[in-house]
There are 2 protein chains.
Amino acid sequence: MITLPKLARPRRLLAADEANKPTSQVLRFGPDKPLKLDAGVDLAPFQIAYQTYGTLNEARSNAVLVCHALTGDQHAANTHPVTGKDGWWDVLIGPGKIVDTNRFFVICSNVIGGCLGSTGPASINPSTGKPYGLDLPVITIPDMVRAQSMLVDHFGIDQLFCVIGGSMGGMQVLEWAASHPKRVFSALPIATGPRHSSQNIAFNEVGRQAVMADPDWCGGKYIEEDKRPEKGLAVARMAAHITYLSEAALHRKFGRNLQDRSQLTFGFDADFQIESYLRHQGMTFVDRFDANSYLYMTRAMDYFDLAADHDGRLADAFAGTSTRFCLVSFTSDWLFPTSESRSVVHALNAAGASVSFVEIETDRGHDAFLLDEPELFAAINGFISSAARAYGLPEAVQ
Amino acid sequence: MITLPKLARPRRLLAADEANKPTSQVLRFGPDKPLKLDAGVDLAPFQIAYQTYGTLNEARSNAVLVCHALTGDQHAANTHPVTGKDGWWDVLIGPGKIVDTNRFFVICSNVIGGCLGSTGPASINPSTGKPYGLDLPVITIPDMVRAQSMLVDHFGIDQLFCVIGGSMGGMQVLEWAASHPKRVFSALPIATGPRHSSQNIAFNEVGRQAVMADPDWCGGKYIEEDKRPEKGLAVARMAAHITYLSEAALHRKFGRNLQDRSQLTFGFDADFQIESYLRHQGMTFVDRFDANSYLYMTRAMDYFDLAADHDGRLADAFAGTSTRFCLVSFTSDWLFPTSESRSVVHALNAAGASVSFVEIETDRGHDAFLLDEPELFAAINGFISSAARAYGLPEAVQ
């Protein structure tokens with residue numbers, strides 16, 4: 001059984017601390033600037049927490065928008081305020097790195113519905129004075145992008161040089177290109193697809209049910225009740241984590257190796273290393289993520305269906321686009337297999353778009369987009385360098 | 001959120017009713033006939049609940065032992081006492097069917113550790129007068145087979161004509177052939193493997209954690225506490241169920257179809273058919289299965305490693321065997337992919353065994369072994385007919 005570490009701190013959501021007192025920069029919109037949600041209602045007031053890296057040039061032409069994945073956040077290239085770890089894309093973004101902050105102005109914002117400072121279910125609902133919980137309307141990928149576009153407006157940026165992201169971040173990239181084609185010079189969707197598959201919805205539903213089965217979820221009002229549905233959220237994370245890795249990588253890394261012992265215990269402790277690893281993934285996740293945000297993020301992914309928004313024709317989502325695209329998939333990614341990226345490539349070809357496509361041979365599964373994967377870096381570097389030349393951006397200031 | 005149906009009956013484990021007052025035939029062993037467990041202890045007294053179909057011939061040469069899978073039971077070809085549904089292999093076993101009960105004497109017993117009448121965690125521990133719960137030693141696949149061999153002894157059967165089973169049942173078939181080679185004339189392991197992979201252990205661990213995270217699990221003592229960890233067990237079943245199906249079949253059957261509605265609800269109800277389907281799978285499972293048995297069954301699968309029991313050489317498990325084998329796998333089974341069956345075939349070839357192997361093209365995933373799959377039936381029919389001729393068994397009495 002997962003034994004969660006005793007917390008020395010008060011029983012409060014750590015993510016909720018960040019949700020309501022973020023250590024990031026925050027852009028606030030009042031009642032006069034509501035966020036129009038696909039659910040058919042206006043969200044107001046609302047706020048966007050974000051990080052930037054590098055300097056916006058005078059022409060405001062060197063902006064790269066980075067979109068985060070399901071459990072990611074705005075801390076792409078700085079120390080994470082809750083975990084103390086490096087940013088989730090620190091391998092890629094920074095001075096002299098592939099997304100070179102000596103050259104580009106990088107923006108990464110917490111998505112709406114998230115839990116690190118942008119308005120989400122842990123935020124205070126102004127009409128009740130209590131956390132939203134499930135009273136926050138369901139958030140969609142287009143809603144997230146709509147909020148990001150208001151942040152981009154705030155910087156006075158007409159056109160983003162590049163929008164980049166993996167997984168749910170890649171969905172946002174596709175949505176940006178579809179809904180704001182003139183504002184995106186180049187787009188780099190990685191390990192993603194134009195819709196969530198039945199199997200992916202199924203895994204997300206298991207995760208949601210695991211959270212909601214936890215009595216400490218309290219119908220979504222756990223913050224008010226001073227509780228945390230840690231066990232349910234840990235189980236959800238464990239199930240999801242399996243889908244981020246490939247069978248081959250699990251076999252290579254863990255196989256049937258035993259944990260700290262020479263033989264089976266004939267009990268229900270974590271005999272196998274893979275069990276310990278998964279339990280650790282579950283335990284560490286609950287401190288940095290809000291359970292209700294997990295419900296909202298998974299729902300946003302399930303609802304995403306770019307073709308459906310265009311009468312079932314994916315090519316129509318990109319009609320007349322002048323954005324340059326590069327799609328990347330990984331051979332061992334079974335959450336977003338190459339066929340998903342290829343369907344986008346076909347649609348882009350049908351729409352006459354400029355598109356390149358790289359399928360990378362790796363056994364590291366879906367999570368490869370977050371790892372130090374040389375072929376991925378080479379693909380991103382080649383695409384960004386070429387696009388920057390075409391865009392007339394000067395080389396990096398050394 | 002899963003809303004479990006209100007039960008008209010008292011809050012007792014239905015599976016536990018069967019565990020302690022089975023409607024099947026029961027073979028009981030007293031303290032003088034303990035079951036020697038791999039955990040290093042003797043289980044005594046213990047009992048085996050079983051069903052038989054057809055008639056044992058005078059030579060006692062027409063017996064077919066059917067081994068059930070993780071959540072299966074002895075009710076292979078009769079109406080299930082809890083669900084009222086047909087037996088789980090009713091499509092295959094019966095008069096005039098492929099496993100023809102006019103010809104063969106079919107035995108199917110509930111495995112040790114199960115919950116339909118054989119000794120398991122819901123059974124009364126004679127030393128305490130209370131249900132075993134987690135005080136039952138961990139049960140292994142060899143333990144299950146050892147108990148089955150005592151049942152076969154009871155019938156005075158020296159050699160089984162055939163041992164057949166899928167998934168965990170297939171593991172038992174392999175174990176029978178390895179540990180009792182002279183008692184098995186022919187063996188038919190379907191959709192199985194010689195060991196549980198890291199990914200399979202991972203999914204099982206998620207299921208166990210889901211059960212143990214449910215406060216109604218009560219440290220395994222829920223029967224004493226008059227509770228049932230229904231929500232946790234339902235989540236475990238949902239996660240496992242995804243692995244029984246293929247992505248292609250999910251796409252074909254459910255896709256992104258909505259449930260009883262024309263548009264998304266922007267909420268957390270079951271919008272998609274796949275969500276309703278999974279919730280239904282979870283809800284109906286908890287009535288017919290005991291949560292602790294689920295822990296024991298998954299553990300037995302995780303522990304199975306036939307090569308490890310023979311110094312890492314799988315071929316040595318079958319050294320000198322004269323059993324005829326037929327292995328069957330399914331192209332879309334990602335729980336036990338064809339490579340697992342092939343590794344057994346290679347080992348059998350190395351051991352000089354008689355072996356045939358059929359990989360069946362289907363999109364129905366792991367569960368194909370339970371379905372009306374014509375190619376599977378043809379393979380089983382061909383193998384059994386040929387083996388029966390070689391064994392000198394008369395044709396069926398019409």
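Just so it is clear: chains get the letters A, B, ... in the order the sequence lines come, proteins before strands, and each one is counted from 1.
Considering every non-hydrogen atom in both A:Phe254 and B:Ser198, the closest pair reads CB-OG, 3.6 Å. The two residues A:Glu247 and B:Ser197 come nearest to each other via the heavy atoms OE2-CB, 3.5 Å. Closest of all the heavy-atom pairs between A:Leu134 and B:Phe268 is CD2-CE1, 4.0 Å. For the residue pair A:Gly267 and B:Val138, the shortest heavy atom distance occurs at N-CG2, 3.5 Å. A pairwise comparison of heavy atoms in B:Thr140 and A:Phe266 identifies CG2-CE2, 3.7 Å as the closest pair. Between B:Ile201 and A:Glu275, the closest heavy-atom pair is CG2-CG, 4.0 Å.
For B:Leu37, no part lies near chain A; criterion is any non-hydrogen pair under 4.5 Å. No part of B:Tyr277 comes within reach of chain A, as not one of its non-hydrogen atoms sits under 4.5 angstrom from that chain. Proximity to chain A involves both the backbone and the side chain of B:Asp38, based on heavy atoms less than 4.5 angstrom apart. Neither the backbone nor the side chain of B:His241 comes within contact range of chain A; no heavy atom of the residue lies under 4.5 Å from a heavy atom of that chain. Looking at B:Pro215, only its side chain comes within 4.5 Å of chain A, counting heavy atoms on both sides.
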Next item on the list: Starting from the C-alpha separation in whole Å, work towards a yes-or-no answer on salt bridge (charged side-chain N to carboxylate O under 4.0 Å, His left out) for B:Asp214 and A:Lys231.
Entry: CA-CA 8 Å; B:Asp214 189 328; A:Lys231 289 188 173 180; over 6 Å; no
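Heavy-atom pairs under 4.5 Å with chain A were tallied for B:Leu245, B:Val211, B:Ile139, B:Ile242; the largest tally goes to B:Ile242.
Ring planes of A:Phe203 and B:Phe203: parallel class, angle under 30° (limits at 30 and 60°).
Within 6.0 Å of atom NE2 in B:His310, more than 12 heavy atoms from other residues, nucleotides or ligands are found, so the atom counts as buried in its surroundings.
Judged purely by atom type and a 3.5 angstrom limit, A:Arg256 uses its side chain to pair as donor or acceptor with the backbone of B:Asp302.
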